[in-house]
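Structure first, then comments.
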Amino acid sequence: MPDHNFHKRSAALTLEQIIRLTGAELSKGSDPSVQIKDVAPLETAGSGDLTFLDNVKYKDQFARTKAAACIVRPELAALAPKGIHLLLSAVPYKAYALAAQAFYPDTMSRAHIASGAVIDSSAQLGEGCVIEEGAVIGAHVKLGKQCHVGANVVIGNHVTIGDHGRIGANAVLSHALIGAHVRIYPGVCIGQDGFGFAPDPKGHVKVPQLGRVMIEDHVEIGANSTVDRGSGPDTVIGQGTWIDNMVQIAHNVKIGRGCMIAAQCGIAGSTVIGDFTAMGGQVGVSGHLVVGKNVRIAAKSGVTRNIPDGEEYMGYPAMPMKQYLRGVALLNRLIKKEKSS
Amino acid sequence: MPDHNFHKRSAALTLEQIIRLTGAELSKGSDPSVQIKDVAPLETAGSGDLTFLDNVKYKDQFARTKAAACIVRPELAALAPKGIHLLLSAVPYKAYALAAQAFYPDTMSRAHIASGAVIDSSAQLGEGCVIEEGAVIGAHVKLGKQCHVGANVVIGNHVTIGDHGRIGANAVLSHALIGAHVRIYPGVCIGQDGFGFAPDPKGHVKVPQLGRVMIEDHVEIGANSTVDRGSGPDTVIGQGTWIDNMVQIAHNVKIGRGCMIAAQCGIAGSTVIGDFTAMGGQVGVSGHLVVGKNVRIAAKSGVTRNIPDGEEYMGYPAMPMKQYLRGVALLNRLIKKEKSS
Amino acid sequence: MPDHNFHKRSAALTLEQIIRLTGAELSKGSDPSVQIKDVAPLETAGSGDLTFLDNVKYKDQFARTKAAACIVRPELAALAPKGIHLLLSAVPYKAYALAAQAFYPDTMSRAHIASGAVIDSSAQLGEGCVIEEGAVIGAHVKLGKQCHVGANVVIGNHVTIGDHGRIGANAVLSHALIGAHVRIYPGVCIGQDGFGFAPDPKGHVKVPQLGRVMIEDHVEIGANSTVDRGSGPDTVIGQGTWIDNMVQIAHNVKIGRGCMIAAQCGIAGSTVIGDFTAMGGQVGVSGHLVVGKNVRIAAKSGVTRNIPDGEEYMGYPAMPMKQYLRGVALLNRLIKKEKSS
């Protein structure tokens with residue numbers, strides 16, 4: 001059960017209400033009026049709890065769960081313990097997410113502006129904004145409705161943030177136009193100068209960084225990540241892209257819609273990433289490349305060439321995943337052969 | 001000699017006092033009443049200074065050192081310059097650490113709360129706490145005795161920190177229960193949402209992150225690191241584990257006791273790391289893995305499978321270190337053969 | 001055209017003025033009195049704009065550009081579109097940088113100290129400093145002339161910063177002596193304890209970190225980077241070195257002059273890096289190594305041995321770049337052979 005000091009739970013829901021929220025179907029014989037009070041993992045769920053099974057690897061935990069109800073794929077329903085109510089879904093993790101959102105809604109605090117926040121008189125704040133202590137908001141900044149600006153956040157002149165923006169504590173934003181429903185985590189730095197200079201033995205010569213950062217709607221950017229502004233063109237992060245912690249996005253990078261970028265990735269300057277592309281953690285992508293749509297790049301890969309749409313890449317230099325793994329396997333066979341000879 | 005603007009030195013100590021503090025033994029003929037005023041590296045140490053030799057690689061510097069006294073392994077004593085006092089120890093680096101702590105004790109400032117700190121009236125602060133300017137401390141926060149909260153730190157509602165906690169400037173903490181003698185460095189972000197969502201072409205669906213971060217006693221977490229809270233289970237960092245700068249700990253990770261994790265490592269969601277395991281810098285560990293106790297993982301490795309207790313791993317995908325190095329050597333031999341043919 | 005909300009443009013310049021600023025020469029038949037109003041990339045430049053061609057890869061864009069004038073190498077002048085004025089230079093990117101600096105000068109705000117900044121009475125501030133809201137400046141800090149200290153920056157006791165220093169918002173500095181014309185980006189942490197301890201199963205023993213961070217003139221350090229202070233010796237960053245975002249510099253590291261270190265690199269303790277050495281992104285360098293001058297290390301490499309002056313290295317463990325790439329090619333040939341047999 002979540003720690004209710006940190007996580008505020010809403011009222012109980014019936015299974016009927018939950019299937020309406022999640023699009024799941026109730027299995028035969030389940031009672032739609034059953035009350036569910038909370039969500040919990042398979043192992044710790046008890047009576048009154050809703051749980052889910054997404055990965056067949058956890059089927060033994062499913063068989064033993066004490067949960068009142070479980071969201072599960074139809075084909076795994078047969079493995080259920082006796083007496084459990086089943087909610088059948090082709091996308092149980094998504095259905096669970098929607099149910100959990102209902103029990104633990106992402107509520108805003110009541111609108112208020114902390115007395116210790118410093119807001120330039122020319123800034124415009126939409127209705128219902130919360131501005132926490134120590135936040136510093138520059139001239140001509142525009143915030144949409146229901147924005148939450150965390151403590152000690154610094155927002156530079158002329159930055160705009162759409163409705164329902166959430167800016168985590170100690171984040172720093174400048175030179176950025178940000179859409180609606182964007183969530184910036186604590187410690188993120190957005191809009192600073194890119195790494196642009198003409199190398200020179202007498203002293204590198206700085207190239208003024210004259211672009212912006214454009215962040216479309218429904219983007220998330222994880223804690224302590226950095227997004228440099230463009231050098232002339234803009235740096236762009238497309239709608240619905242999720243970025244994990246400590247990711248580096250260099251100047252002029254364009255990231256498409258719906259991408260998933262795990263922690264500690266770095267994308268070098270002017271590279272373009274297509275829609276719905278996914279990267280594991282610690283991937284590096286060189287500058288001036290084009291990575292296609294729906295590409296999957298394994299964690300820790302180093303991408304040095306363009307990647308066509310739909311490919312799976314791995315390694316350093318990154319190559320088609322099968323080729324990389326074949327190389328690893330071949331080398332291991334050669335080692336064994338050598339040892340035995 | 002340390003810059004005494006930055007580092008406050010205590011009074012001189014006799015060799016007698018130092019051997020009591022460090023567990024070292026004085027070599028024959030050394031005078032226990034000799035006064036030592038400071039610590040210094042082999043090369044720059046002078047009269048009145050204590051130094052140490054830990055790595056035999058530096059034996060030439062040892063032979064030339066002007067230090068008054070040196071902590072050294074008994075088997076290296078014969079290499080000492082004339083006239084030096086020797087403190088014999090099987091663990092000279094540890095003995096040096098204890099001596100250096102005596103000369104440069106980690107003292108707290110006098111208790112005070114800066115006038116510009118903002119502390120919720122429901123927060124409880126133990127005796128002797130120092131709260132610096134601009135710190136923002138939320139509702140129901142509990143701090144133990146002698147805690148030091150740096151400038152512009154943000155601590156969210158209901159966080160607890162045990163006695164002698166040190167929170168570096170600009171760190172952000174939420175959803176966390178923290179033990180005693182924990183040291184969080186500047187810019188660290190703890191307790192934010194993990195990277196949890198159901199991918200969906202119509203827009204990824206956020207999975208509420210309903211866990212906490214549990215940090216046991218005597219943990220250190222380096223500057224600008226990030227520790228996400230659990231998604232349902234908690235994220236746990238075990239007693240006495242030391243974590244370097246810019247390390248990413250994802251949701252639900254459990255790290256055992258006494259681990260050593262160098263800079264820029266990343267540990268993906270739900271992975272379990274056993275006690276006293278050590279990782280070099282920039283290691284990545286995939287999610288949902290079990291890494292054993294006393295494992296050593298070479299810098300930059302990418303761990304994609306479970307690792308049994310006591311193993312040494314290297315490479316990407318990580319494999320036993322000997323196997324990886326054999327592969328590198330074999331490939332280099334094949335290249336040479338090809339060139340010469 | 002840059003967004004003039006974010007980037008303030010100066011007055012127009014004649015080509016005559018521009019060639020004097022940049023050292024370029026006007027091509028035959030170009031009119032030195034032509035007025036230029038702005039700078040822009042090849043593709044978006046229009047009448048009144050100055051652009052540049054540095055990389056021959058973009059020659060088609062050059063042939064189509066609508067710019068009024070273009071900085072270009074003499075040997076590429078023949079590819080120019082009709083009617084354009086050419087500024088010939090052997091270093092067009094540098095010449096462009098100088099011109100762009102003239103159109104978008106890096107001006108300081110008028111001197112002021114925000115009412116919400118907290119400055120110890122013993123601190124000394126040079127003429128013309130700007131101190132933003134929420135900055136916390138400790139005892140005996142010395143700032144040179146024309147320094148800019150961003151919002152919520154924290155500067156510890158006795159830190160000194162030379163003339164024209166720029167400290168980005170939410171940066172944290174301690175135990176550091178910093179030269180003139182140094183630019184520290186937002187979220188950077190400088191001067192905290194290095195990762196120094198004697199490992200011990202009963203609890204690792206902290207080694208007091210008794211050094212400083214010395215940053216020479218004209219250094220840049222990118223957002224959210226971390227630079228630990230020395231353990232006894234100092235950590236040193238040489239004159240004119242440029243460091244990108246999220247780079248980790250461990251205790252006692254000495255970096256020479258004019259180095260270029262891309263994002264997410266990590267340099268382990270006590271390593272020495274020679275002048276003008278360049279590292280791609282995500283490079284790791286082990287501790288206690290010596291890397292020579294004018295070395296080039298490919299992105300993502302893991303350096304485990306000393307590197308002589310002037311070498312190009314790649315891979316993990318890093319080796320001469322040609323050798324690494326030959327190994328990759330050889331392995332790929334072996335795979336193909338195996339598949340076809």
Side-chain angles (χ1 to χ4, degrees), chain A residues 116 118 134 136 140 152 154 156-158 170-172 174-175 177 187-189 191-193 195-208 210-212 224-226 228-229 231-234 246 248 250 264 266 268 282 284 286 288 300 302 304 316-317 319 323 326-327 330-331 334, chain C residues 2-3 5-7 39-41 44 57 91 93-98 100-101 103-104 106 114 116 132-134 150-152 168-170 183 185-187 218 220 222-224 239-240 242 244-246 258 260 262-264 276 278 280-282 299-300 315-316 325 328 331-332 334-335 338-339:
Chain A
V118 181
V136 179
H140 308 291
N152 293 336
V154 179
N157 298 346
H158 290 282
N170 282 357
V172 178
S174 74
H175 304 84
L177 304 181
V188 170
C189 295
Q192 59 281 342
D193 292 41
F195 197 57
F197 57 93
D200 192 306
K202 291 179 198 157
H204 308 318
V205 181
K206 184 172 185 71
V207 175
L210 302 172
R212 301 168 297 189
N224 280 346
S225 288
T226 53
D228 289 347
R229 72 172 181 267
S231 64
D234 295 318
M246 277 192 273
Q248 150 73 356
Q264 297 176 314
Q282 300 183 335
S286 294
H288 300 277
K300 250 185 159 26
T304 59
Y316 166 59
M319 57 190 80
Q323 184 184 343
R326 213 177 273 138
L330 172 60
L331 202 53
L334 291 175
Chain C
D3 181 333
N5 277 335
F6 294 119
H7 305 286
V39 292
T44 57
K57 185 173 157 184
V91 285
Y93 192 46
K94 179 178 168 187
Y96 167 76
L98 292 167
Q101 288 179 8
F103 284 105
Y104 294 92
D106 188 14
E132 304 277 10
E133 292 290 348
N152 293 335
N170 282 357
R183 197 182 288 260
Y185 283 78
H218 294 284
E220 303 233 349
N224 280 346
Q239 185 179 318
W242 282 50
D244 199 354
N245 296 344
M246 278 192 273
M260 294 164 275
Q264 297 176 316
F276 301 106
Q282 299 184 336
K300 251 188 158 28
Y316 167 58
L325 292 174
V328 171
L331 202 52
N332 284 338
L334 291 175
I335 294 167
E338 194 186 46
K339 278 169 79 182

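By convention in this document, chain letters (A, B, ...) are assigned in the order of the sequence lines, proteins followed by strands, and residues within each chain are numbered from 1. The model shown is predicted, which means the values in this text are computed figures rather than measured ones.
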Chain A contact via C/E132 - which portion, at a heavy-atom distance below 4.5 Å: neither
Interface moiety of C/P41 toward chain A, non-hydrogen atoms closer than 4.5 Å: side chain
Test item: C/D244 side-chain N/O and A/F195 main-chain N/O as donor-acceptor pair under 3.5 Å: no
Residue C/Q101 versus chain A: region with a heavy atom under 4.5 Å: both
Atom group of A/M319 that falls short of 4.5 Å from chain C, counting heavy atoms: side chain
C/Y93 (side chain) donor-acceptor with A/P199 (main chain) under 3.5 angstrom: no
Contacting moiety of C/V91, where chain A heavy atoms sit under 4.5 Å: neither
Structural part of A/H288 lying under 4.5 Å from a heavy atom of chain C: both
Shortest non-hydrogen separation from C/V328 to A/P317 and the atoms involved: CG2-CD, 4.1 Å
Part of C/Y316 lying under 4.5 Å from any heavy atom of chain A: neither
Side-chain heavy atoms of C/N245 within contact of A/Q192, under 4.5 Å: yes
Distance in Å, C/L334 CG paired with A/L331 CG, rounded so as to fall on 0.5 Å steps: 9.0 Å
A/R229 CZ to C/D3 CG distance, which is reported to the nearest 0.5 Å: 11.0 Å
Approximate separation, where rounding is to 0.5 Å, of C/F6 CZ and A/L210 CG: 13.0 Å
Chain A contact via C/A169 - which portion, at a heavy-atom distance below 4.5 Å: both
Donor-acceptor under 3.5 Å (A/Q264 side chain, C/Q264 main chain): no
Check: A/H175 ring centroid to C/H7 ring centroid under 6.0 Å: yes
Side chain / backbone / both / neither for A/L330 at chain C, heavy atoms under 4.5 Å: side chain
Flag, side chain of C/N224 to backbone of A/G187, donor-acceptor distance under 3.5 Å: yes
